[in-house]
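A quick write-up on the structure given underneath.
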Amino acid sequence: MDPFESIKQTFFQECDELLTDAEQGLLAMESGEADDETINAVFRAVHSVKGGAGAFGLEDLIRFAHVFETVMDEIRSGKMELTDEVAKTLLRAFDVLADHVAAARDGGKVEEGRSQGAYGELRGLIGGEEEDDDAMGGGDEDFGFVPLTLSIEGEDAPGGFIDLDAQNAEAGVELPAPDQAPQDELASWTVEFSPKSEMYAKANEAGLVLRELARLGETRVTLIDETLPPLDQLSAEQAYVSWRIQLFTDSDEASIREVFEFVEDDCNLIITRDGAEPSVAAPTDDGLSDDDRAAADSANADLDIAALLARVGGGDAPAEAAPEIVAEAPPEAPAEDVAALIARAQSVAPPPAAKAPTPAPTPPPVAAAAPAAAAAPAAAAANAAPAAAASVTIRVDLDRVDRLINAVGELVIQQAMLSQRVLESGLARSSNVALGLEDLELLTREIQDSVMAIRAQPVKSVFQRMPRLAREVADMTGKRVKLVMEGEGTEVDKTVIERLADPITHMLRNAIDHGLEDPEGRAEAGKPAEGVVRLRALHRGGRIVIELQDDGRGINRPRVRGIAVARGLITEDQVLSDEEIDNLIFLPGFSTAEVISDISGRGVGMDVVRRSIQGLGGRISISSEPGKGSKFTMSLPLTLAVLDGMVVTAAEQTLVAPLSAIVESLTPRTEDVHYIGGKDAVIRIRDTFVPLIDVGVALGFRETAIDPASGVAVLVESEGGGKAALLVEAIQGQRQVVIKSLEANYQQIDGVAAATILGDGRVALILDVDALVTTQRRKPAARPSEKRMAS
Amino acid sequence: MTAPVTTSTGPSRELIAFRIGDQEFCVDIMQVREIRGWTTATPLPRTPAYMKGVINLRGAVLPIVDLGARLGLTTAEPSARHVIMVVNQGHRTLGLLVEAVSDIINVTEDMVQPTPDVACDQVKTFVKGLFAIEGRMVSLISLDRVLPEIEAEAA
């Protein structure tokens, strides 16, 4: 691949992570839980996006990210109050920012109106800061032309940053102004800032940095152009000029350093407090290469910490400890976080003496000093420093993992095959071979579990898209929604995760659009104006359960019933329990929205959701309480690769029933089997009657059912409620089977969930219990819509 | 084996010819992945009669189509003499049950004759053209619609 392309891809991957961080930060800000660090993290994330965008010349994105960043900056510097309104505006603008990133990645274009609207809103927030707006050229001019604020009296420098002459002149004019001495209580710092070409290559602007610095206090900027070659030797790619800034501020060094956070690796920076020793000794004439020097710069910062820690650890800490730490923290590893550093320092140094000062005050300088080449990870790491210490991960191509999983799948089949052969050969169960095989089986299981764990991922990747969706739908419908998410860390196989997004999206839309009342309606019902939608993931019984609960109006059962009758889905006199009525909404062609809305109308309804869930081997159900809200529960297998099944025989076919659906198995007695009407059999199990379904007939393998007394009934429970007894000839046993898709080479078959390969190498079908039960239950209604496959 | 017939112009292609009943058909050799003996297939419920079921092809589930039945000729009662041609069709892989593979023939595009206008729908659907090879007639089969059509997803 084109190296530039691959860098760009990395950038977009990083963007995704950054945006996720930013969104979380913004949500925290909205809920008022944000501390300064959160706001800083959002600022850094947006800034990093902008910086990267600059490197690729993504103008639209830069422009938008810039104004966003400006607002964030106002907030973090305390110039703007973080009100609810501001937070909401930021969240809306964030969605547009995400769109800009997506547009830049996929080559699309963000809807002009939305972008402009959000841009305008942001600009509105910083309305008071006219100087900024003007300085940014009203947002419409070419971003590359960045004016530089050098003035002491607040007047704007007219020249662009590339305009060296103008800058010279400006600097020259300013310098002889010693009579404007700042207040005495402000400390005076001298900052020598010498950017390297790399800094510009990463789309950082010296002008912006200087402007940023000027916010800390009064600055006097001197341009150092001694190294500037004659024009004919000037290379456009090189950086020649540096600046000496005298800064009068009450900020400490860390704050000054923070200004340079993003460029630190790519410039030489000397910060001296006037009248004090240089705090960062970076000799520029020691024969080191620029890179070495940059490393030394950042390493020096670490060294300070290390030295401090060494002191904490007691006076007798080995003197080599500090250099060692520095050596271990190469500049290429910016994500080296404070916690790890402290941990390592402590492991090198003896335990801290009780009287020693705590190392608590150290993190800010380290965070600020962390090499910011890849500012993103650094920011993220600094943010999460206390929690996520060193979790070592590797990135592996998913293809390789899939290959491994396939191979293990084959191993499981092979192992089952071998066991069966050994059993058939008549070897005693206590023989060494049989015992060895048992161990092999355990080992195989363990390998399989471990391999599946590799592909397991938290559902967070799906959940994190939902807040945005909720905001959008709420905006469109004029409702107020608070989305509460729980269990984002619940892990499930990646293949399941990928296919979760659509159903959850659909259900969430539905919950907001149909479930929640509008604010007036809620007021009438005595509920708070803001509706609450709860999205929850949890593990239960070897499956993942996802619940979506709203506190809306609940299902209007008479109406649902009426519609179902009108559409011919049920007959008028059919007696249905409340639960059964609720579940009618999953029937194909059912949509209760009287006004087909843009959001969840479109003529597709919950049946599509149910189908996609079923396609995953999952089930979905609803429980609802009128006036209180509804709750959708989906339960899905943790993996699409293996299944615990019961192997049965029906109509001479070997079939597998998922163990998760099976309640019990029993031998029917003739006196317990009754017939309703013609052939529809029910069986009495203890005190309830459940339908008795002959599997061979249900699958169309034979015409007439076998005598119930000659077979075995397997009592199953479907997620949609409702039990049924499946009548089969015999049960062969329980087995873990590897799920093979029928759809890969063929298509979905009603009543069959998937296929598997048994120990004898033959294909066996896995029953779709739900489909068997529900098909049976709504047989009369389903018939008209039954389609023959084209032949 | 027949000597390649390459007297005419145009790019040449290789085809695999096979027999069903007393007729000969062929498909492009590039579509054929392998040819294997018949093994008992697991029947699928609610499928047309020409769907013989599925077999295990090294861990993958392979649907088997009785091509004779699909073309409206004879319904094969598969025996050990029958072979399964494993073919690629789009992104799918499927097995075609045929009586025997007879030949590999080398043809050029201009040897393909259009299918005569015959009434039978199945012929129109599956036969893309005809070849005359040494006095025999070989029909070129299109595999695009061999599988039952996927029911339109209600989406």
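Letters A, B, ... are given to chains in the order of the sequence lines, protein chains preceding strands, and every chain is numbered from 1.
Summarising the geometry of B/N56 relative to A/V763, their closest heavy-atom pair is N-CG2, 3.4 Å, with the distance given to 0.1 Å. Across all their heavy atoms, A/N745 and B/T93 have their closest contact at OD1-N, 2.8 Å. Across all non-hydrogen atoms, the minimal contact from A/L765 to B/T42 is CG-CG2, 4.4 Å. Closest non-hydrogen pair, B/A41 versus A/R762, comes out as O-NH2, 3.5 Å. B/P43 and A/F701 get closest at one heavy-atom pair: O-CZ, 3.6 Å.
Looking at heavy atoms from C-beta onward, A/V752 lies out of side-chain contact with B/L44 at the 4.5 angstrom threshold.
When heavy atoms are compared at a cutoff of 4.5 Å, B/T40 approaches chain A by way of both its backbone and its side chain.
Counting heavy-atom neighbours within 6.0 Å of A/E652 CD, excluding the residue itself, gives a total of 12 or less.
Each of A/D750, A/L699, A/L767 was evaluated against B/P45; a single residue qualifies, A/L699, per the side chain to side chain contact (heavy atoms under 4.5 Å, CB included) test.
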